[in-house]
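Read through the structure below, which is laid out as structure tokens, and then see the notes.
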Amino acid sequence: MSSKYTPMIEQYLQVKAQVPDAFLFFRLGDFYELFFDDAVQAARELEITLTGRDGGSERVPMCGVPYHSAETYIRRLVEKGYKVAICEQMEDPATAKGVVRREIVRIVTPGTVMEDKPSETPANNFLAAIAEKPEGFGLAVCDLTTGELYATSVETLEQLKDELIVYDPAEIIGDERLLARVRKSAGLYLAGAVPSVWTEQDRALLEQQFPSEERDSLPPPSADAVALLLAYLRETQKRTLAHLSAIRRYDAERSLWMDPFTRRNLELVESARDRSKKGALLGLLDRTATAMGARLLRRWLDKPLIDRPEIERRLEAVECLVNRSAIRDEIFRILKEMYDLERLVGRIAYGNCNARDLVALRATLERVPALKACCLSSGSATLERLLGGVDDCADLRDRIAEAIVDDPPVSVREGGMIRPGYHERLDRLREASTDGKRWIAELEQRERELTGIRSLKVGYNKVFGYYIEVTRPNLSAVPEDRYERRQTLAHGERFVTRELKEKEALILEAEERMVELEYELFSDLREKIAGQIPRLQKLAAAVAAVDVLQSFATVSAERRYTKPVLTDGYSLRIEGGRHPVVEATLGDRPFVANDTLLEEDGDRILLITGPNMAGKSTYMRQVALIAIMAQIGCFVPARRAELPIIDRIFTRIGAADDLAGGQSTFMVEMREIRAMTARATRRSLVIIDELGRGTSTAEGMAIAQAVIEYLHDRVGCKTLVSTHYHELAYLEERLRHLSNYSMAVRESDGEVMFLHKFVRGAANSSYGIYCARVAGLPEEIIERAYELVRGYEAKAAEFEHEQAVRETAGGRDARDANDAPGETVVQLSLFAEPAPERPKTVSRKERQVLDRIRDADLVNMTPLSALNLLFELRQKLLESR
Ligand SMILES: Nc1ncnc2c1ncn2[C@@H]1O[C@H](COP(=O)(O)OP(=O)(O)OP(=O)(O)O)[C@@H](O)[C@H]1O
Ligand SMILES: [Mg+2]
């Protein structure tokens with residue numbers, strides 16, 4: 001039975017069966033062709049013409065792109081979230097018997113793009129792998145272009161999702177169900193990440209790629225995730241990836257933890273309004289000179305430190321560079337001349353670098369000694385340690401300098417890369433070719449003399465090679481014995497001689513061999529450098545760190561930031577603090593600096609009231625930003641700052657304030673509050689901006705109050721709360737560690753002026769109606785609103801009086817009355833008790849156990865002391881029976 005399709009189409013179908021979920025770019029001569037459904041879809045996505053081809057018994061839909069411009073098309077498909085499998089011809093069609101052998105050489109996926117984008121962004125392009133084990137969840141994240149590979153394990157799906165969001169991956173691979181669960185819990189956050197179902201792991205590759213000490217210590221979930229990632233990379237990239245040389249494993253708990261909502265709300269890496277980096281803290285702090293520095297800065301901002309000595313080491317370098325502007329400028333100047341070492345190394349390892357990349361590497365390495373000298377003379381112990389001992393890879397620099405010319409061509413297949421004197425045989429071939437060319441150049445003169453034809457010319461074309469051209473009137477003078485006719489033209493004839501053809505063959509052969517040899521020499525050199533990748537990566541990491549530190553110093557000096565004092569205590573004392581980003585956007589208008597004081601024995605919770613637009617949100621965020629800036633090792637916008645190490649930051653915003661995010665409903669907010677109450681510790685900072693909006697006033701206020709009480713009594717964290725529920729000001733009397741503050745306004749002649757000054761005491765009005773008037777609401781509405789509000793206030797006063805009377809009559813009864821439904825929060829606050837009564841199910845001993853767990857300093861605990869604690873707790877529980 002004869003097959004339905006032509007052999008070529010049959011081959012296509014076989015290959016396509018290996019990659020059902022990818023576009024197959026099938027190489028046919030100078031084109032990549034797509035067939036069948038692929039062709040129909042690609043024609044639509046790429047806006048190219050759909051044609052057809054005779055496939056045997058039927059006509060097959062087809063479209064194609066020229067191989068030399070395929071990269072742009074591939075990128076466009078991948079950016080749309082598709083995968084592209086590239087199938088090449090594996091033998092020379094001229095010599096192949098039957099259908100040329102073809103194989104997939106690589107599958108490009110959103111997470112494995114190696115090609116530079118036209119506007120090469122320094123940002124990372126991450127591929128993430130997730131795995132689930134009984135012990136928990138594993139995450140491995142890699143950037144193929146830079147060779148970064150991070151791995152961690154977490155306990156809950158929630159944490160896995162939070163960690164994933166930090167990386168903003170282009171693609172996530174894993175088991176189908178797990179992928180679905182993660183995406184569901186991430187809501188809108190991971191919308192840009194393409195999920196790829198992948199379950200194969202490769203342990204052998206894990207062993208091959210990493211030394212035993214690195215992989216053995218990986219917790220099982222992380223090891224699974226890394227093995228998953230490696231198997232996927234092998235499947236899609238089909239080559240060894242020497243630049244994935246180290247697993248940077250970390251513990252998510254060992255850095256200042258923030259949930260995705262908090263990161264977004266504080267506008268750390270992108271602004272809420274247009275998701276740009278510019279309006280975010282990252283944009284403000286980024287004065288890096290290199291792409292590797294820019295990427296590292298982002299990583300530092302993603303994971304602020306909680307280890308005081310480590311923070312102080314960074315601050316020491318920043319201080320030194322702030323004070324020594326000449327060195328700082330010099331460092332910047334040197335860094336500016338360095339290329340993206342990590343990406344260069346990535347291309348060298350991947351095998352897609354060209355000679356220009358090597359020249360860029362050389363130029364970068366040439367700058368290292370100067371950078372080193374700067375760091376050594378800076379007087380900073382940190383900079384000295386960073387670069388002092390670093391291997392400057394001078395041998396690699398010299399090798400490249402010896403081998404590669406200063407300005408090589410883009411292509412590695414056309415010669416012109418290798419320096420004269422580098423390789424003897426290449427030099428000889430070059431000589432032969434130049435000699436031959438010189439001989440031909442001189443031939444014209446010689447032949448003119450020999451034949452006496454003054455207009456005789458020597459020329460070259462692709463079809464006939466070198467020839468001698470004689471015009472018609474001179475044909476009689478041609479020496480017929482030596483000249484061989486090749487081509488007749490209208491105005492004359494073209495000839496060759498035996499000698500000319502011999503020389504020509506020599507030149508062409510020499511040139512062909514030269515190109516081959518150059519490619520070989522280049523590949524050798526690339527391999528040699530590829531063998532030294534860990535050295536280059538270490539250097540790149542050190543340079544990147546210097547870059548970030550100089551970036552911090554530059555911003556700090558320009559914006560008059562000060563060095564924070566970090567302590568192990570509880571107190572947070574900021575004098576004259578500013579919001580770095582708002583300050584920067586105000587331009588010439590002065591930003592009003594404000595103090596913040598949160599102390600163990602004093603205020604732990606500041607309840608902030610004040611009218612709209614007074615600066616409440618700005619103030620609260622500025623405290624968080626100052627803490628974060630300090631913990632990444634940067635100076636802070638304050639006159640003076642004494643800061644404890646914060647372990648976690650939570651921010652919550654009233655539903656109505658988060659409309660821009662488009663997803664925050666009251667329910668989501670409540671869920672987030674739950675997460676916060678579960679995870680906040682004494683060392684955490686909690687910011688609540690207008691909690692409880694989005695439901696009825698009474699309930700909203702009740703929830704707000706209950707949350708505040710919980711944080712006050714149970715958690716003891718530092719808390720800033722803003723509210724429009726002025727009634728909550730009563731809490732000051734009830735809660736020992738809570739005080740009222742407000743944003744000051746000046747009122748005169750019915751005009752309100754925002755002073756943006758943070759002052760003690762509750763605001764007496766929210767000026768909501770005033771704002772409504774400023775906004776231009778009809779006077780009739782305004783008048784009526786004032787009238788109503790006066791009515792409410794009178795009622796509230798009456799109510800309070802009644803309650804006070806009842807309280808004196810019998811406290812207990814009055815308190816019980818509070819539990820009755822329908823009572824308002826205002827009254828609750830009148831019957832202050834240091835701690836609300838807990839449900840009876842927990843005994844005092846049990847409570848003590850819970851408190852001990854809550855207060856335990858896990859971060860600084862050794863396994864042995866943890867065991868001791870566990871023993872002690874169990875003892876207590878047994879006693880409480
Ligand atoms: N300390 C300050 N110095 C100067 N300008 C400030 C200061 N704080 C805030 N502003 C300005 O006031 C604007 C409003 O501030 P913010 O959003 O913090 O007010 P708010 O009290 O939270 O308002 P709302 O109650 O409507 O949420 C800011 O965008 C900023 O331009
Ligand atoms: Mg606000």
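Counting starts at 1 for both ligands and their atoms, following the listed order. Sequential numbering from 1 along the given sequence is applied to the chain's residues.
Classification of the His737-His712 ring pair by plane angle, with boundaries at 30° and 60°, yields tilted.
Here Ser722 fails the criterion, with no N, O or S atom under 2.8 Å of the Mg ion (ligand 2).
Residue contact check: Gly615 has heavy atoms under 4.0 Å from atoms 8 (N), 9 (C), 15 (O), 16 (P), 18 (O), 19 (O), 20 (P), 21 (O) of ligand 1. Listed by number with element, the atoms of ligand 1 under 4.0 Å from a non-hydrogen atom of Ser617 are 18 (O), 20 (P), 22 (O), 27 (O).
No side-chain donor from either of Tyr619 and Ser722 sits under 3.5 Å from a side-chain acceptor of the other. There is no side-chain donor-acceptor pair under 3.5 Å between Thr554 and Ser551.
Some N or O of Val592 is nearer than 3.5 Å to an N or O of ligand 1, by distance alone. Below 3.5 Å of separation, one finds no N or O of Tyr619 facing any N or O of ligand 1. Looking at Met613 next to ligand 1, an N or O pair under 3.5 Å apart turns up. On a distance-only criterion, Leu586 and ligand 1 share no N/O pair closer than 3.5 Å.
When Ile649, Leu598, Thr596 are each tested for a side chain to side chain contact (heavy atoms under 4.5 Å, CB included) with Lys718, only one passes: Leu598. Under the salt bridge (charged side-chain N to carboxylate O under 4.0 Å, His left out) test applied with Glu270, the options Arg275, Lys277, Arg298 reduce to a single match, Arg275. Each of Arg674, Arg679, Arg652 was scored for a salt bridge (charged side-chain N to carboxylate O under 4.0 Å, His left out) with Asp259, with one residue passing: Arg652.
When atom types are taken as modelled, the side chain of Asn265 and the backbone of Thr651 share no donor-acceptor pair closer than 3.5 angstrom.
The closest approach between a heavy atom of Ala614 and any atom of ligand 1 is below 4.0 Å.
Contacts between Thr585 and ligand 1 below 4.0 angstrom, taking non-hydrogen atoms only, are absent altogether.
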